[in-house]
Amino acid sequence: MRVTTSVRPETAVLTVENSGARLSPELVSTLTEPFQRGTGRVRDDHTGVGLGLAIVKRITQVHGGSLTVVPRPAGGLRVVVELPTPPSNAGERSGRRIDTGQQRGIGPDGEPWIDAARGDR
């Protein structure tokens, strides 16, 4: 597995590449849906239930980002998460970090929440 990070203007990028079976683009396009698994395994040493990429997709959406999942030619996947960053000059005037006071997450019902401490949705 290879994990890299980078920064582009107004975007933070996380890239994860793994090895594994060759996967068709059609199959890969379903992997961000809950309970979808790439190789159709039922049980083995690497058991999972097919929620990982669905969770990544939802978190990325809640934060206004994008998720790209593509098969690697030699097998495995390349997953790219792009998230917006605050403007580069946002903290320069005061010289300190700016906190918007917002908290974000995903509730037990799968819906995003904002400012959970106040109960807002």
Side-chain angles (χ1 to χ4, degrees):
M1 181 179 311
R2 180 177 167 203
V3 178
T4 59
T5 59
S6 61
V7 179
R8 296 183 195 145
E10 300 180 11
T11 306
V13 181
L14 169 69
T15 303
V16 178
E17 295 177 295
N18 66 6
S19 59
R22 286 189 174 154
L23 303 173
S24 71
E26 295 79 22
L27 175 63
V28 171
S29 70
T30 69
L31 295 180
T32 59
E33 299 304 318
F35 306 108
Q36 296 298 312
R37 300 179 65 194
T39 58
R41 356 175 249 263
V42 176
R43 289 291 227 192
D44 67 12
D45 291 343
H46 304 292
T47 301
V49 295
L51 288 175
L53 287 173
I55 292 169
V56 171
K57 177 183 176 182
R58 192 68 180 134
I59 291 171
T60 301
Q61 288 173 335
V62 167
H63 290 282
S66 67
L67 172 66
T68 306
V69 181
V70 296
R72 296 180 64 216
L77 294 173
R78 178 184 170 124
V79 178
V80 180
V81 174
E82 296 184 57
L83 297 170
T85 59
S88 61
N89 64 353
E92 289 178 10
R93 289 189 191 119
S94 66
R96 56 193 156 115
R97 183 176 167 263
I98 294 176
D99 185 354
T100 64
Q102 285 192 333
Q103 296 179 15
R104 296 180 178 198
I106 298 175
D109 59 355
E111 292 298 313
W113 53 260
I114 299 175
D115 291 334
R118 294 194 323 235
D120 294 346
R121 279 194 150 243

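Only this structure's heavy atoms are used, side chains among them; waters, hydrogens and symmetry mates stay out.
Every residue two or more places apart in sequence or in another chain that forms a side chain to side chain contact (heavy atoms under 4.5 Å, CB included) with Ser6 is listed here: Val13. Under the side chain to side chain contact (heavy atoms under 4.5 Å, CB included) criterion, Leu51 pairs with Pro34, Phe35, Val49, Ile55, sequence neighbours left out. Partners of Glu10 under the salt bridge (Lys or Arg N to Asp or Glu O under 4.0 Å) rule, at least two apart in sequence or in another chain, do not exist in this structure. Take Arg78 and apply the salt bridge (Lys or Arg N to Asp or Glu O under 4.0 Å) test, not counting sequence neighbours, and it matches Glu17. In this view, Ser66 and Glu82 satisfy the side chain to side chain contact (heavy atoms under 4.5 Å, CB included) rule, not counting sequence neighbours. Val7 meets the side chain to side chain contact (heavy atoms under 4.5 Å, CB included) test with no other residue; sequence neighbours excluded.
Nearest heavy-atom pair, Thr60 versus Leu67, reported as atom, atom and distance to 0.1 Å: CG2-N, 4.0 Å. Among all heavy-atom pairs drawn from Gly64 and Pro84, the shortest one is O-CD, 3.6 Å. Nearest approach of Ala54 to Glu33, heavy atoms of both residues: CB-C, 4.0 Å.
Although no hydrogens or angles enter the test, the distance criterion places a donor-acceptor pair under 3.5 Å between the side chain of Ser29 and the main chain of Glu26. Listed for the Arg22 side chain is a donor-acceptor partner under 3.5 Å among the backbone atoms of Pro73. In this structure, the side chain of Asn18 engages the main chain of Leu77 through a donor-acceptor pair within 3.5 Å.
Under the side-chain contact (heavy atoms from CB on, under 4.5 Å) test applied with Val3, the options Val16, Thr15, Val79 reduce to a single match, Val16.
In the hydrophobic cluster analysis, where Ile, Leu, Val, Met, Phe, Trp and Tyr join through side-chain heavy atoms closer than 4.5 angstrom, Val28 is grouped together with Met1. Leu83 and Val56 end up in the same hydrophobic cluster when Ile, Leu, Val, Met, Phe, Trp and Tyr side chains are linked at under 4.5 Å.
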List the steps, then state whether side-chain contact (heavy atoms from CB on, under 4.5 Å) holds for Thr85 with Thr11.
CA-CA 5 Å; Thr85 59; Thr11 306; 5.6 Å; no
